[in-house]
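Taking it in order: structure first as structure tokens, then the write-up.
Below, chains carry the letters A, B, ... as their sequence lines are ordered, and counting in each starts from 1. Just so we're clear, the structure is a prediction, and the values are computed from it rather than from any experiment.
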Number of protein chains: 2
Amino acid sequence: MIMTITMPSIRITTQKIKILEYLWSVNHHPTADEIYSEVKKDLPAISLATVYRNLHSLAEEGDIQKIEVNKEFRFDGDISPHQHCVCKKCGNISEIFSKDIARHSMQNAETEDFEPHSVKTIFHGICRECK
Amino acid sequence: MIMTITMPSIRITTQKIKILEYLWSVNHHPTADEIYSEVKKDLPAISLATVYRNLHSLAEEGDIQKIEVNKEFRFDGDISPHQHCVCKKCGNISEIFSKDIARHSMQNAETEDFEPHSVKTIFHGICRECK
DNA sequence: CTTTGTGCAAACGGTTTGCAACCTA
DNA sequence: TAGGTTGCAAACCGTTTGCACAAAG
């Protein structure tokens, strides 16, 4: 008896490529809806559901980062470890690229009760423009 | 001409008190819905909307903490600075009380582009029971 | 040719809101 | 008694899902 193990292969589609390219081209943290309307300019037939499905799988694969702010997901094409700064006034999200913060937090989080795999550090405050 | 400045006064209601007491009595991080059904045992007529409104104002006043995990808010009666650990498997939330993590993060976050007021540090990993 | 991904539209689920009645201060 | 608060039900809105068709490998 021959047993074949088939692994669920992931396909590369035009939609997924366009979404990724858009996220790479941009220097802020768009919502799914914003990604949808931008990619729609190139791919008029694309649906919101497809955008969501791709964003989900891309995040699962670790190709993009998913940030949750105010009941809404935002997406980041930059997967290097960094922290986010949310402005209380305008809602804008900027970044801090500190290896120290992540490392220090992780080191101090290790206990016998919990095994940390990753940290998310989000600062709330006021951005330069709103100050 | 006499000008009177009326400040919007906040009232203390039975509902608000019960919600606060429940949050203080509990050592986990309930959802609005869980708070609702618990408080409902004492106050059968209370509505979910009231729970949400009170949780919102309590969080605004700084009397409780609001944590956002998986598109859902969770509430914490403990307002001392601490970090949260979310288990990837069971979804349970535990805590770490490290003054160091918050302090170190804040110190490293200060730039000319952003003025941090608070940090939220969330670890994702595996809890003791799921290990 | 098989199997994963897509578009559409309807469903979902946590949260918010409008409004009249109610209750604090 | 004034105006903040409540209960109810309906609206909201970002996200997910079922299904038949399209397209990638």
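A:Glu34 places its CD atom 13 Å from the P atom of D:dG14, with the value rounded to the nearest Å. With rounding to whole Å, B:Asp33 atom CG is found 17 Å from C:dC12 atom P. The interatomic distance linking B:Tyr36 (OH) with C:dT15 (P) rounds to 14 Å, in whole Å. Rounded to a whole Å, the CD atom of B:Glu72 is 15 Å from the P atom of D:dT15. Distance, B:Lys16 NZ to D:dG7 C1': 17 Å, rounded to whole Å.
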Give me the distances for all protein-to-nucleotides 21-25 of chain C N/O pairs that come in under 3.5 Å?
{"residue": "C:dT24", "atom": "O2", "partner": "B:Arg11", "partner atom": "NH1", "Å": "2.8"}
{"residue": "C:dA25", "atom": "OP1", "partner": "B:Ile12", "partner atom": "N", "Å": "3.4"}

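In this view, A:Lys18 and A:Asp42 satisfy the salt bridge (Lys or Arg N to Asp or Glu O under 4.0 Å) rule, not counting sequence neighbours. When the side-chain hydrogen bond (donor to acceptor under 3.5 Å, both in side chains) test is applied to B:Tyr52, no partner is found at least two apart in sequence or on another chain. Qualifying salt bridge (Lys or Arg N to Asp or Glu O under 4.0 Å) partners for B:Glu38, counting only residues two or more places apart in sequence or in other chains: B:Lys41. In this structure B:Glu72 satisfies the side chain to side chain contact (heavy atoms under 4.5 Å, CB included) test together with B:Thr31, B:Arg74, sequence neighbours excluded. Taking the side chain to side chain contact (heavy atoms under 4.5 Å, CB included) definition, one finds that A:Gln107 meets it with A:Arg103, sequence neighbours left out. Here A:Glu95 pairs with A:His29, A:His82 under the side-chain hydrogen bond (donor to acceptor under 3.5 Å, both in side chains) rule; sequence neighbours left out.
Side chain to side chain, B:Asn108 and A:His104 fail the donor-acceptor criterion of an N or O pair below 3.5 Å.
Within the structure, salt bridge (charged side-chain N to carboxylate O under 4.0 Å, His left out) pairs that include any residue of residues 77-88 of chain A do not occur (at least two apart or interchain). Judged as a salt bridge (charged side-chain N to carboxylate O under 4.0 Å, His left out), not a single pair has a partner in residues 56-66 of chain B (not counting sequence neighbours). Screening residues 121-131 of chain A for salt bridge (charged side-chain N to carboxylate O under 4.0 Å, His left out), with sequence neighbours left out, gives A:Arg128-B:Asp113.
By the neighbour-count criterion of 12 heavy atoms within 6.0 Å, atom NE2 of A:His56 is sparsely surrounded, having that number or fewer from other residues, nucleotides or ligands.
Near-neighbour residues of DNA chain C inside residues 39-67 of chain B, defined by a heavy atom below 4.0 Å, number-ordered: B:Leu48, B:Ala49, B:Tyr52, B:Arg53. Taking every heavy atom of residues 24-31 of chain A and every atom of DNA chain C, no pair lies under 4.0 Å.
Distances shown here put every side-chain N or O of A:Gln15 at or beyond 4.0 Å from the OP1 or OP2 atom of D:dA23. Between A:Lys71 and C:dG14, a side-chain N or O to OP1/OP2 separation shorter than 4.0 Å is absent.
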